[in-house]
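Taking it in order: structure first as structure tokens, then the write-up.
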Amino acid sequence: MSEKRLPAAATATAPIRKGLPVAARLAIAGGLAAASALAFLFLFIEGSFEFAFERRLTMLGTMTVVAFAQAVGTVVFQTITHNRILTPSIMGFDSVYILMQTLLVAVFGGGVLAVTDGMPKLITQTLLMVGFTMLLFGWLFSGRKGSIHVLLLVGVVLGLAFRSLSDFLQRLLSPSEYDVLSARLFGRLSSAEPGYLPLAGAVCLIVGVVVWQRRYRLDTLLLGRDAATNLGVAHKRELTVMLLLISLLIAMSTALAGPMTFFGFVTAMLAYQMSGTHRHIVVLPMAFLIGLITLAGGQFVMEHVFYASGMLTVVIEFLGGAIFLAHLLRKGTL
Amino acid sequence: MIEFTDIRKAYGEDVVLGPVSGRIPAGGVTSLVGPNGAGKSTLLTIIGRLAEPTSGTVTVDGLDVHRAKSQDVARTLSILRQENHFTARVTVRELVSFGRFPHSRGRLTKQDLAHIDDALDFLHLGDLQHRYLDQLSGGQRQRAYVAMVLAQDTRYVLLDEPLNNLDMKHSVRMMSQLRRAADELGKTVVLIVHDINFAATYSDRIIALRDGRIAASDTVDAMMRAEVLSEVFDTPVQIHEVDGKRTAVYYR
Ligand SMILES: Nc1ncnc2c1ncn2[C@@H]1O[C@H](COP(=O)(O)OP(=O)(O)O)[C@@H](O)[C@H]1O
Ligand SMILES: [Mg+2]
């Protein structure tokens with residue numbers, strides 16, 4: 001191991017990291033996000049301004065919540081799993097949601113979804129999703145052997161089981177009931193239940209504050225369990241808190257816009273590339289801004305260029321899946 | 001003082017350590033030696049509270065490391081494991097800055113920056129500080145890890161095989177730097193070393209483990225005897241005086 005010394009001037013003063021300072025990067029992302037939001041809100045309004053504006057404002061609120069929940073949820077999830085390609089959906093969150101909706105329709109018929117929409121359902125749904133995670137986590141970590149990888153594996157297996165069960169139940173539904181259900185199971189930013197927004201927004205705000213307070217602690221988690229413990233971070237407690245917060249976020253996003261698998265992956269991946277650092281103080285806001293740009297900008301383009309306003313989440317998931325595959329193939333490993 | 005009492009570690013039925021008890025006084029350098037699988041890493045990680053013992057307690061300056069608040073422990077002792085894999089791509093300076101976390105919780109003060117610079121200087125990493133870890137040789141990376149735990153500025157520093165990956169020159173340098181850390185900075189250094197002669201040259205005390213038990217534990221002079229070492233390592237060891245220093249020869 002020869003220790004080649006580069007000229008001091010080349011190394012000591014000039015960092016190898018190049019490009020813009022992080023503040024400028026964040027400012028650019030912030031500017032783009034604001035521009036997308038404003039364009040989406042105000043451009044090309046036809047007919048009644050008030051009606052269109054109110055509809056768009058609600059939708060922008062939904063987008064903000066979904067972008068925040070998916071972006072923050074995914075970045076934090078990737079940090080605690082030491083993996084840059086997983087998203088929380090691998091834990092089976094989505095399949096819990098799908099199973100719940102399917103069960104509702106299978107038992108009570110197609111009309112039930114619209115009738116039961118409201119706070120009690122949102123809260124029940126959230127509690128079930130959060131409860132599922134905590135149960136899984138508590139069970140796996142009650143022994144000493146608990147590892148995040150076992151947790152993931154069990155999450156995947158249970159997710160698959162729930163999905164198969166949902167598939168089976170869906171086969172028993174009448175075509176019309178199935179239609180109602182599948183409309184619910186696809187992302188649907190434009191028809192999100194507006195009544196959910198205040199609660200979902202408040203949950204995101206609270207979770208955001210807690211995560212932000214822990215931004216430096218999250219950095220140490222990147223070093224792994226032992227190094228984090230050495231630095232005085234109560235690793236297991238942090239993991240529990242983070243998983244709880246992630247499940248809250250994903251429950252909110254899913255209630256509003258349906259299950260999403262690849263959106264979080266894309267925002268997190270882009271956020272790391274655009275930030276040029278691993279530090280959560282930069283990556284977290286960057287991921288949120290990129291998520292918002294994708295949704296608001298994407299919806300703007302979908303509405304006014306492709307005239308397919310309902311298709312945004314489908315397109316994002318499709319493109320996201322393609323990017324995910326390309327990324328996997330290029331890296332050649334998980 | 002580090003005091004461990006009736007420490008036992010079992011994986012299922014398999015008892016890999018103990019019960020062992022002992023004390024490591026504050027100050028100076030203490031080396032843990034012993035054959036592969038003797039339980040050195042197990043003991044060190046239990047003292048450094050990275051692993052829970054099946055039974056037994058460890059106190060460091062009276063602090064029960066497995067019960068006390070993690071942050072308080074992190075200001076008292078730092079520990080570096082044998083293997084380190086970090087997922088994040090960080091520079092040497094960023095890594096060393098992490099060492100200040102127990103004190104500043106992430107917001108670096110002027111004082112923290114001074115500690116970081118000192119630790120970088122101490123391990124001659126100044127020129128490499130803006131390199132990413134994956135742009136370093138194994139030995140340079142090893143020094144960066146040690147710089148991180150030194151920046152933590154704890155009274156007790158536990159290192160599992162810090163000479164891993166180091167060539168002769170850098171091994172000598174690392175050991176004399178750790179010696180300096182003990183002498184000049186007043187640290188208590190506890191480390192696992194493979195080469196008994198390195199242990200003898202740079203430590204004050206040697207603890208020898210074998211089959212999960214403490215086979216012998218004493219000052220360097222008392223430990224560097226043919227009968228003691230032959231017994232510990234289960235292989236014939238001769239002692240020769242080289243420049244007035246007892247040196248173990250065990251190649252034949
Ligand atoms: N996670 C584990 N599960 C089972 N056995 C283990 C585990 N970790 C270590 N051991 C066993 O404990 C013994 C002591 O290991 P260790 O403390 O690493 O030895 P060393 O003295 O070489 O550092 C070895 O026999 C090893 O196989
Ligand atoms: Mg070992």
Side-chain angles (χ1 to χ4, degrees), chain A residues 1-18 75 78-86 143-146 148 212-238 272-273 275-281 283, chain B residues 11 45 48-52 54 69-75 77-81 83-91 93-95 97-107 124 126-132 135-140 142-143 145 148-149 152 154 158 165-167 169-170:
Chain A
M1 299 209 175
S2 78
E3 194 184 341
K4 248 195 281 164
R5 293 217 164 186
L6 297 177
T11 51
T13 47
I16 285 193
R17 174 186 303 149
K18 39 192 178 295
V75 168
Q78 293 185 345
T79 294
I80 65 174
T81 53
H82 301 297
N83 193 310
R84 286 278 171 83
I85 67 165
L86 297 178
R144 289 233 171 105
K145 283 180 252 187
I148 194 84
W212 190 248
Q213 280 172 342
R214 287 166 192 258
R215 60 198 183 277
Y216 298 115
R217 247 176 285 179
L218 281 167
D219 290 345
T220 69
L221 292 183
L222 287 173
L223 301 182
R225 191 189 79 100
D226 289 333
T229 307
N230 170 51
L231 295 173
V233 173
H235 185 261
K236 194 171 146 185
R237 196 185 63 203
E238 290 307 314
Y272 275 106
Q273 275 173 10
S275 303
T277 174
H278 62 277
R279 282 153 59 220
H280 287 84
I281 196 171
V283 176
Chain B
Y11 292 100
T45 45
R49 59 90 164 79
L50 296 186
E52 288 268 341
T54 310
K69 226 178 115 195
S70 193
Q71 191 182 353
D72 295 337
V73 180
R75 289 174 179 163
L77 70 81
S78 51
I79 177 164
L80 182 68
R81 285 204 84 143
E83 310 277 343
N84 294 284
H85 304 284
F86 298 155
T87 30
R89 192 159 187 262
V90 293
T91 65
R93 192 178 176 88
E94 283 171 333
L95 180 77
S97 308
F98 272 116
R100 298 306 300 164
F101 186 83
H103 306 278
S104 57
R105 305 300 279 175
R107 288 168 220 259
H124 308 289
D127 289 350
L128 298 173
Q129 61 176 310
H130 296 298
R131 290 251 207 125
Y132 284 100
Q135 298 168 325
L136 299 180
S137 72
Q140 293 168 335
Q142 188 68 20
R143 275 155 53 205
Y145 294 145
M148 172 172 81
V149 293
Q152 208 172 325
T154 53
L158 318 180
N165 286 319
L166 297 188
D167 59 18
K169 168 182 151 191
H170 286 102

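Naming: A, B, ... by sequence-line order, numbering from 1 per chain. Side chains are part of it too, since the values below use all heavy atoms of this structure and drop only hydrogens, waters and symmetry mates.
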Legend entry - Options L222(A), L223(A), D219(A), T79(A), ranked by heavy-atom pairs under 4.5 Å with chain B, top entry: L223(A)
Legend entry - Atom pair CG/CZ of L231(A) and R100(B) - distance to nearest 0.5 Å: 11.0 Å
Legend entry - Test item: R49(B) side-chain N/O and T229(A) main-chain N/O as donor-acceptor pair under 3.5 Å: yes
Legend entry - Separation of T277(A) OG1 from R89(B) CZ (nearest 0.5 Å): 11.0 Å
Legend entry - Donor-acceptor under 3.5 Å (E94(B) side chain, H278(A) main chain): no
Legend entry - Contact class of R225(A) relative to chain B, heavy atoms under 4.5 angstrom: side chain
Inset, instruction - Working to the nearest 0.5 Å, report the span between CD of Q213(A) and CZ of R105(B). - result: 12.0 Å
Legend entry - Structural part of R93(B) lying under 4.5 Å from a heavy atom of chain A: neither
Inset, instruction - Just give me the residue among M148(B), K69(B), Q71(B) that pairs up with chain A most often, heavy atom to heavy atom, under 4.5 Å. - result: Q71(B)
Inset, instruction - Select, from G106(B), G48(B), A74(B), the one with the greatest count of heavy-atom pairs under 4.5 Å involving chain A. - result: G106(B)
Inset, instruction - Any chance you could measure D226(A), atom CG, to L50(B), atom CG, to the nearest 0.5 Å? - result: 4.5 Å
Legend entry - Nearest heavy-atom neighbours spanning F101(B) and V233(A): CE2-CG2, 3.5 Å
Inset, instruction - With rounding to the nearest 0.5 Å, note down the distance linking CG in N230(A) to CD in Q152(B). - result: 4.0 Å
Inset, instruction - Counting only heavy atoms closer than 4.5 Å, note whether L77(B) contacts chain A via side chain, backbone, both or neither. - result: backbone
Inset, instruction - For chain A, find which of V73(B), L95(B), L136(B), I79(B) contributes the most heavy-atom pairs closer than 4.5 angstrom. - result: I79(B)
